[in-house]
Enquirer: 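Could you have a look at this structure, given as structure tokens, before my questions?
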Amino acid sequence: MIAIQVLLIGGIVTVLGWFVMNPRSQQVHAWIKILAAVFTSFGVVVIISPNTSNRVAHAVGVGRGADLLLYSLAVAFVYVMFSLYIRGKEEHAKFEILARTVALLEERLRELSDVLAERREESK
């Protein structure tokens, strides 16, 4: 095994470990973690045996393994962008509800403060 293979395998396994063990990743669905583990395993196999990607590419009707990797990355990129867009829209909606709630509470607090001020004035 050459040095670059060791570095690539170490890097890909480290990224997977960080993704799975990160406390924030508890919100990530289990199937996404399983899919990440499968892709990591495939990545390790391809790093160890580069001809494997060509065989898989030919099996699915793509000319070269590098092209298959590029197509896979393009699909993954579109999925991630769509997922981030949807998540951003959901967060924006939550933020709007929170802002409205805070504004209503502030208005209610002003009203109560005015009522208290009036009662203090009346009691003097």
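Just the heavy atoms: all of them, side chains too, but no hydrogens, waters or symmetry mates, feed the values below. Residue numbers run from 1 in the order of the sequence given. Remember, predicted model here, so these are calculated numbers, not experimental data.
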Enquirer: Are Leu69 and Val75 grouped together when hydrophobic residues (ILVMFWY) are joined by side-chain heavy atoms under 4.5 angstrom apart?
Expert: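 Different clusters.
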
Enquirer: Report all side-chain donor-acceptor pairs from residues 92-113 shorter than 3.5 Å, counting only partners two or more places apart or in another chain.
Expert:
| unit_1 | atom_1 | unit_2 | atom_2 | d |
| --- | --- | --- | --- | --- |
| His92 | NE2 | Glu96 | OE2 | 3.0 |
| Thr101 | OG1 | Ile97 | O | 2.8 |
| Glu107 | OE1 | Arg110 | NH1 | 3.1 |
| Arg108 | NH1 | Glu111 | OE1 | 3.3 |

Enquirer: Ignoring hydrogens and geometry, is there a side-chain-to-backbone donor-acceptor pair from Ser41 to Ala37 under 3.5 Å?
Expert: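 Yes.
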
Enquirer: Spell out, yes or no, whether Ile34 and Phe42 are grouped together once hydrophobic residues are joined by side-chain heavy atoms under 4.5 Å, including indirect joins.
Expert: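 Hydrophobic grouping puts Ile34 apart from Phe42.
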
Enquirer: Which atom names give the shortest non-hydrogen contact between Gln5 and Ile48, and what distance separates them?
Expert: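 Answer, listing the atom of Gln5 first, then Ile48: NE2-O, 3.5 Å.
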
Enquirer: Answer yes if Val13 and Ile4 sit in the same cluster of Ile, Leu, Val, Met, Phe, Trp and Tyr residues linked by side chain heavy atoms under 4.5 Å apart, and no otherwise.
Expert: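 In one cluster: yes.
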
Enquirer: Show me, pair by pair, the donor-acceptor contacts under 3.5 angstrom made by side chains of residues 114-121, not counting sequence neighbours?
Expert:
none

Enquirer: Using the rule that Ile, Leu, Val, Met, Phe, Trp and Tyr join whenever any side-chain heavy atoms are under 4.5 Å apart, tell me whether Leu7 and Ile47 fall into a single cluster.
Expert: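 As far as the 4.5 Å side-chain criterion goes, Ile47 and Leu7 are not connected within one cluster.
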
Enquirer: So, for Val44 and Ile12, which heavy atoms are closest and what is the spacing to 0.1 Å?
Expert: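 Closest approach of Val44 to Ile12, heavy atoms only: CG2-CG2, 3.9 Å.
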
Enquirer: Say you draw a straight line from CG of Leu68 to CZ of Arg55; how long is it, rounded to the nearest 0.5 Å?
Expert: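 The CZ atom of Arg55 is 13.5 Å from CG of Leu68, to the nearest 0.5 Å.
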
Enquirer: To the nearest 0.5 Å, what is the distance between CD1 on Ile9 and OG1 on Thr14?
Expert: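 Interatomic distance, Ile9 CD1 to Thr14 OG1, rounded to 0.5 Å: 11.5 Å.
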
Enquirer: Please name the residue in the list Val45, Leu16, Leu35 that meets the side chain to side chain contact (heavy atoms under 4.5 Å, CB included) test with Thr40.
Expert: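 One option only clears the test, and that one is Leu16.
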
Enquirer: Checking one residue: Tyr85. Which other hydrophobic residues are in its cluster under the side-chain 4.5 Å linking rule?
Expert: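 Grouped by the 4.5 Å side-chain rule, Phe82, Ile86 form the rest of the cluster around Tyr85.
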
Enquirer: Could you pull out the closest heavy-atom pair between Asn54 and Gly65, with the gap in Å?
Expert: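 That closest heavy-atom pairing would be OD1-N, 2.8 Å.
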
Enquirer: Quick check on Phe39: does its CZ atom have over 12 non-hydrogen neighbours (other residues, nucleotides or ligands) under 6.0 Å away?
Expert: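 No, CZ of Phe39 has 12 or fewer neighbouring heavy atoms, counting only those of other groups under 6.0 Å.
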
